[in-house]
Protein chains: 2
Amino acid sequence: MRGKVKSSRETAVAAALECFRRFGYEGASLNLLSEATGLGRSSLYHYFPEGKEEIALAAAELVEQRFNELVIGPLQGPEPPMVRLGKAISGLDQFYNGGRDACLIDIFSIGDTATALPGRVKGIAFAVIEAFEKLSADANKRAATNPRASAVRAIVELEGALVLTRATGDRTIFADTLSRLPYILSVS
Amino acid sequence: MRGKVKSSRETAVAAALECFRRFGYEGASLNLLSEATGLGRSSLYHYFPEGKEEIALAAAELVEQRFNELVIGPLQGPEPPMVRLGKAISGLDQFYNGGRDACLIDIFSIGDTATALPGRVKGIAFAVIEAFEKLSADANKRAATNPRASAVRAIVELEGALVLTRATGDRTIFADTLSRLPYILSVS
DNA sequence: GTCTATAGTATGATAGAC
DNA sequence: GTCTATCATACTATAGAC
């Protein structure tokens, strides 16, 4: 029985994640979360007894899992660096929906949001930086590049592109940044 | 009497701006705004009859004014491009408090925030892009650079650096981005 | 201009029937 | 597991005394 279709909780977390990305932590009210998940406020408390903070934490965990599948995993594959980066770029485009969806690193670092949340997304940020760093190091084994600085700059440009794409509505900004990643990380 | 010191409204807007930058639009409740401004909820409605949205709009206008003074004005000065950019970099460092304070372009583009707000900050974003673009064009009059793309990339890196600095607490990210601006804009 | 008081609504969260 | 009903609190906003 279990495993055949996604459980209510799983689908609920995915819907809640959309909510948080669109409206922010404070903006995603239980009413919105209830509508988005189709669960009813009380049912939400059945799946997430600790309330809103637990929903947000589950959303952050889902992001971590998806990022591992779509970005970090491909970056660590056995193929040549450029192939790995190509897969990661596709994953990033998918994860951020072509620049339309916000990043929790941005969203969950605003305000006095609950204690566990900023730490969780901070961890994801560092994991991505490390993965980019290793890729850049692999691609430049005897060159005098600075993989760490390049990796940080890659995340900086991705986060900035998402902000500016959201603010201006111009999705070419995000697309251009994706296409710049090989250059930023010195992977060719 | 009036004019000697800043009016209550002016100081209130400055305090409210701090609130919005720290907690976001939804997170900055009237209680927080009342505490921060020292005005009392009712007094806030005396200065801003339309309520919270008017306060946020006034904050956005203050940002526009400060940005003109600290960044856009210096960029348009008569000095050589590198001197102008140096002043703008100092202005950016001051405006963003060394990376500690968020950008309204980010904050006010989250959620279903009131109608006038996203448009207002979008305007500021385009104004900065244009100013950077002209500076880069001035500095590369017969070179084959792309001033528009460079200007967009400068804002992208600034916004991204602010996000990542806020999320990680590492202010060197913002400082490094400031020091990269001459390179990004091909101004030397 | 600032205050107290308060309206009316939305919030996060709980209890208990089914 | 989902429902209705409800709690206490916080929210934005208004009215009116001073």
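Worth knowing before you read on, the calculation uses all heavy atoms, side chains too, and leaves out hydrogens, waters and symmetry mates. Residue numbers start from 1 in every chain, and the chains themselves are labelled A, B, ... in the order their sequence lines are given, proteins ahead of strands. From a predicted model like this one, the values you see are computed outputs, not experimental measurements.
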Rounded off to whole Å, could you give me the [atom1]-to-[atom2] distance for the [X] and [N] pair?
{"X": "Glu26(A)", "N": "dG12(C)", "atom1": "CD", "atom2": "P", "answer": "9 Å"}
{"X": "Asp112(B)", "N": "dT12(D)", "atom1": "CG", "atom2": "P", "answer": "16 Å"}
{"X": "Ile55(A)", "N": "dG12(C)", "atom1": "CD1", "atom2": "P", "answer": "9 Å"}
{"X": "Glu50(A)", "N": "dA13(C)", "atom1": "CD", "atom2": "P", "answer": "10 Å"}
{"X": "Tyr25(B)", "N": "dC11(D)", "atom1": "OH", "atom2": "P", "answer": "14 Å"}
{"X": "Arg41(B)", "N": "dA7(C)", "atom1": "CZ", "atom2": "P", "answer": "15 Å"}
{"X": "Glu53(A)", "N": "dA13(C)", "atom1": "CD", "atom2": "C1'", "answer": "14 Å"}
{"X": "Lys52(B)", "N": "dC11(D)", "atom1": "NZ", "atom2": "P", "answer": "9 Å"}

So, is [X] close to the [N] phosphate, meaning a side-chain N or O under 4.0 Å from OP1 or OP2?
{"X": "Tyr47(A)", "N": "dT2(D)", "value": "yes"}
{"X": "Asn31(A)", "N": "dA10(C)", "value": "no"}
{"X": "Ser29(A)", "N": "dT11(C)", "value": "yes"}
{"X": "Tyr45(A)", "N": "dA13(C)", "value": "yes"}
{"X": "Ser42(A)", "N": "dC3(D)", "value": "no"}

Arg180(A), CZ: over 12 other non-hydrogen atoms inside 6.0 angstrom: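 Yes.
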Ionic contact status for Arg148(A) with Glu133(A), cut-off 4.0 Å: yes
Cationic N near anionic O, under 4.0 Å, Glu157(A) to Arg153(A): yes
Test: Arg21(B) cationic atom under 6.0 Å from Phe95(B) six-membered ring centre, within 45° of axis: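 Positive - Arg21(B) is close enough to the ring of Phe95(B) and near enough to its axis.
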Aromatic Tyr25(A) / basic Lys52(A) pairing, under 6.0 angstrom, 45° off normal: yes
Among dT2(C), dA13(C), dT11(C), the nucleotide that comes nearest once only the side chain of Leu39(B) is considered: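 Between dT2(C), dA13(C), dT11(C), the one nearest the side chain of Leu39(B) would be dT2(C).
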From dG12(C), dT12(D), dT2(D), nucleotide with atom closest to Leu30(B) side chain: dT12(D)
Earlier contact from the 5' end, DNA chain C, for His46(B) and Leu32(A): His46(B)
